[in-house]
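Counting starts at 1 for both ligands and their atoms, in listed order.
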Amino acid sequence: MAALVPATGRALDIACGRGAQTVWLASRGLDVVALDVSGAAIALTDAAADADGVAHRVDAKQEDLENGLPDDLQDFDIIICQRFRNRGVLEALGTRLRPKGVAFVTVLSSVGLDRAPGKFHAPAGELLEVFTRDDIEVVWHLEADGLAAIVIRCT
Ligand SMILES: C[S@@+](CC[C@H](N)C(=O)[O-])C[C@H]1O[C@@H](n2cnc3c(N)ncnc32)[C@H](O)[C@@H]1O
């Protein structure tokens, strides 16, 4: 899927954790806004960006996304949301992408799980339900082994 990832423009990494995806995107040449509720995660993301020489391309901010994405976050060429399940945030992604922009989303899933699902596990089909806008194309989708992932593109 790397061919779908632009090499320039603006990226958003939602719930960035230690910043692995943020640094990868910045190393490709993208300017990245990275958000996480945890101050420790933001400090680790800043440190990782610094260590890889891409700090000038990374704007990491502590932000609680429980109630959605801040309104001023718009016009992204790519959005990454890995292992953070918040339906309101996911439903907003299509409105935050530029035309032809792409989003990569992964959540824990109850599909293929070998134990009872917890509150972070999405029920079957949730990602497909979220991305139903007419201007969104589903490029790829998979549910298996306790994970669900989807790649979408704005038309
Ligand atoms: C499983 S980790 C995934 C981190 C990263 N995306 C990755 O794939 O390595 C989940 C992340 O979501 C963040 N998180 C949890 N609740 C959040 C919230 N309400 N707002 C923003 N970030 C949150 C956590 O701090 C944590 O860094």
Side-chain angles (χ1 to χ4, degrees), residues 1-6 9-55 57-97 101-124 126-131 138-153:
M1 297 277 166
L4 290 174
V5 179
R10 276 165 50 78
L12 175 64
D13 186 1
I14 295 172
C16 61
R18 293 164 174 257
Q21 286 92 8
T22 291
V23 169
W24 187 80
L25 290 164
S27 300
R28 275 182 76 89
L30 287 142
D31 294 314
V32 189
V33 176
L35 307 175
D36 201 287
V37 72
S38 159
I42 295 306
L44 286 166
T45 296
D46 279 335
D50 208 23
D52 278 40
V54 293
R57 292 211 191 96
V58 172
D59 179 13
K61 297 190 264 213
Q62 189 172 5
E63 191 82 48
D64 186 351
L65 303 173
E66 185 63 32
N67 296 316
L69 287 172
D71 290 341
D72 61 339
L73 292 176
Q74 304 281 348
D75 296 326
F76 291 97
D77 298 286
I78 177 167
I79 299 177
I80 304 266
C81 185
Q82 299 293 299
R83 297 184 296 145
F84 174 65
R85 178 171 170 247
N86 177 301
R87 192 152 174 149
V89 168
L90 296 182
E91 284 172 349
L93 295 194
T95 67
R96 308 306 176 95
L97 287 168
V102 292
F104 289 69
V105 175
T106 306
V107 295
L108 298 177
S109 168
S110 53
V111 176
L113 203 61
D114 57 4
R115 57 197 155 83
K119 67 171 183 172
F120 295 118
H121 292 90
E126 182 175 87
L127 290 181
L128 288 173
E129 279 170 22
V130 165
F131 297 109
V138 174
V139 178
W140 179 81
H141 174 250
L142 178 77
E143 284 179 319
D145 302 326
L147 283 178
I150 197 165
V151 178
I152 60 153
R153 178 167 45 206

*Asks:* Is there a donor-acceptor contact under 3.5 Å linking the side chains of Glu143 and Ser109?
*Replies:* no

*Asks:* Backbone or side chain, does any N or O of Ile14 fall under 3.5 Å from an N or O of ligand 1?
*Replies:* no

*Asks:* With the threshold set at under 4.0 angstrom, would you say Arg18 reaches ligand 1 through any of its heavy atoms?
*Replies:* no

*Asks:* With atoms numbered from 1 as shown, which atoms in ligand 1 lie under 4.0 angstrom from a non-hydrogen atom of Asp64?
*Replies:* 18 (C), 19 (N), 20 (N)

*Asks:* Pick whichever of Leu108, Val37, Ile42, Asp36 has a heavy atom sitting closest to atom 25 (O) of ligand 1.
*Replies:* Asp36

*Asks:* Could you walk me through whether Asp36 and Glu63 pass side chain to side chain contact (heavy atoms under 4.5 Å, CB included), step by step?
*Replies:* CA-CA 5 Å; Asp36 201 287; Glu63 191 82 48; over 6 Å; no

*Asks:* Using modelled atom types and a 3.5 Å cut-off, is there a donor and acceptor pairing between side-chain atoms of Arg83 and backbone atoms of Thr106?
*Replies:* no

*Asks:* Verify the neighbour count for atom CZ of Arg18: are there more than 12 heavy atoms of other residues, nucleotides or ligands below 6.0 Å?
*Replies:* no

*Asks:* With only distance considered, is Ala41 within less than 3.5 Å of ligand 1 through an N or O on each side?
*Replies:* no

*Asks:* Nearest protein heavy-atom contact for atom 20 (N) of ligand 1: which residue, which atom, what distance?
*Replies:* Leu65 N, 2.9 Å

*Asks:* Nearest protein heavy atom to atom 16 (N) of ligand 1, by residue and atom, and its distance?
*Replies:* Phe84 CE1, 3.6 Å

*Asks:* For Phe76, does the six-membered ring have the charged nitrogen or CZ of Arg10 within the cation-pi criterion, i.e. under 6.0 angstrom from the centroid and within 45° of the normal?
*Replies:* yes

*Asks:* Distance-only, no hydrogens or angles: does the Asp13 side chain make a donor-acceptor pair with backbone N or O of Thr22 under 3.5 Å?
*Replies:* yes

*Asks:* Using heavy atoms and a 4.0 Å limit, tell me yes or no: is Ala20 in contact with ligand 1?
*Replies:* no

*Asks:* Please list the nearest protein heavy atom to atom 9 (O) of ligand 1 with its residue and the distance rounded to 0.1 Å.
*Replies:* Arg83 NH2, 3.0 Å

*Asks:* Quick check: does any side chain N or O of Asp77 sit under 3.5 Å from a backbone N or O of Gly9, one acting as donor and the other as acceptor?
*Replies:* no

*Asks:* Any atoms of ligand 1 less than 4.0 Å from a non-hydrogen atom of Glu63? List them with their elements.
*Replies:* 20 (N), 21 (C)

*Asks:* Given 3.5 Å as the limit, does a donor-acceptor pair link the side chain of Arg153 with the main chain of Leu4, or not?
*Replies:* no

*Asks:* Can you check whether Val37's main-chain N or O pairs, donor with acceptor, with Gln62's side chain at less than 3.5 Å?
*Replies:* yes

*Asks:* Would you mind listing which atoms of ligand 1 come within a distance below 4.0 Å of any non-hydrogen atom of Gln82?
*Replies:* 3 (C), 5 (C), 6 (N), 8 (O)

*Asks:* Considering only heavy atoms of Ser38, which atoms of ligand 1 have at least one such atom less than 4.0 Å away?
*Replies:* 25 (O)

*Asks:* Would you mind listing which atoms of ligand 1 come within a distance below 4.0 Å of any non-hydrogen atom of Cys16?
*Replies:* 5 (C)

*Asks:* Please list the nearest protein heavy atom to atom 5 (C) of ligand 1 with its residue and the distance rounded to 0.1 Å.
*Replies:* Ala15 O, 3.3 Å

